Amino acid sequence: MPELPDVALYHRLLDAHGLGREIAEVRVSEPRILAGIDAGGLAARLVGGRLAASRRHGKHLLARIDRGGWLTVHFGMSGRLAAYDDPADAPAHERVRLRFAAGGFLGYVNVRLLGRVGWTEDADAFIAEEGLGPDALDPRFDAGALAAALAASRRDVKTVLMDQSVIAGIGNVYADEILFQARIHPRRPARRVAGGEAERLYGALWTVLETAIRCGAGAEAFLDRLPAGFLLPERHSGGHCPRCGTALAVVKIGGRTSYFCPRCQDGAG
DNA sequence: CGTTATGTTCGATG
DNA sequence: GCATCGAACATAAC
């Protein structure tokens, strides 16, 4: 479930199980997941090094090796990280595995092969090359910056929220949730979300992402932990608006399924 | 068997 | 250049 909140939790997992530890072995069981480096090259850069720092930018996770360079991880549609102590507990569809010298494993798991594991010498350069905009939770990306981005686009507001070159981290599910909380129709032209509404959208963006992280995005019982009034638990065919009970509408926007409340979410502004 | 899935990229088209 | 649409990638679940 890798949008920003999910990746934020993988970030924590990486820190808890890998930070400061020496890597003893790298196993790549599916080379097609690697981008710009082969299994031997990856092992040469990682084995014997320690994970010295980590950062997340949008849906990307990066881990710095003490002797230089960064491991880059993108989760695609179905990727996740798993930590375990016994190799017998390795999850299915693990594609890359780190074994630490002191024991313990970190696995990159991905059923479909839409994500990527790679390497970069410079994290900032990597983010620039990927064409990523500011991270959605970067304080420098404020309400004014969001309003400016909306005003500059002729696309639907939802398409802009999901554009990683504008804001990094928001995907299909959280775009729906943010627009629901802001009570804005996903098909509203972005340039017609302005003033107080743009402020409201910014507030919803922040609150939704922070709340999802706090409630353990993607983990067991995540949906049960969300505060009342969230769309997510109802975000499926046959779902109803948690505010007014109206049957949710389902439309395709940019090829992705969008759920929204036709009564609460204003299409005209 | 057909449809859909939390992402991204590429080519065709308007 | 900008925007939209469908297909592609690869696999599992319903």
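Just the heavy atoms: all of them, side chains too, but no hydrogens, waters or symmetry mates, feed the values below. Reminder, nothing fancy here: chain letters follow the sequence lines and each chain counts from 1. In this text the structure is predicted, and so the values were computed from the model without any measurement.
Distance, A/R32 CZ to B/dT8 P: 20 Å, rounded to whole Å.
Listed nucleotides C/dA10, C/dC9, C/dA3 differ in distance to A/S153; the shortest reach to its side chain belongs to C/dA3. Comparing B/dG7, C/dA3, C/dT11 against the side chain of A/M77 picks out B/dG7 as the nearest. The listed nucleotides are B/dA5, B/dT8, C/dC9; the one nearest the side chain of A/Q164 is B/dT8. The listed nucleotides are B/dT4, C/dA3, C/dA10; the one nearest the side chain of A/L113 is C/dA10. Across C/dA3, C/dA12, B/dA5, the shortest atom-to-atom separation from the side chain of A/H93 is found for C/dA12.
Comparing B/dT6 with C/dT4, their C1' atoms are spaced 22 Å from each other, to the whole Å.
A side chain to side chain donor-acceptor pair (under 3.5 Å) with A/E197 holds for exactly one of A/R183, A/R188, A/R192; it is A/R188.
Between A/K158 and A/D156 there is no salt bridge, since no side-chain N of the basic residue sits under 4.0 Å from a carboxylate O of the acidic one. Between A/D122 and A/R64 there is no salt bridge, since none of the side-chain N atoms of the basic residue sits less than 4.0 Å from a carboxylate O of the acidic one.
Within the shown strands, nothing qualifies as a pairing partner of C/dA10 under the Watson-Crick or G-U definition with both distances less than 3.5 Å.
In this model, a donor atom of one side chain and an acceptor atom of the other lie less than 3.5 Å apart for A/R97 and A/Y84.
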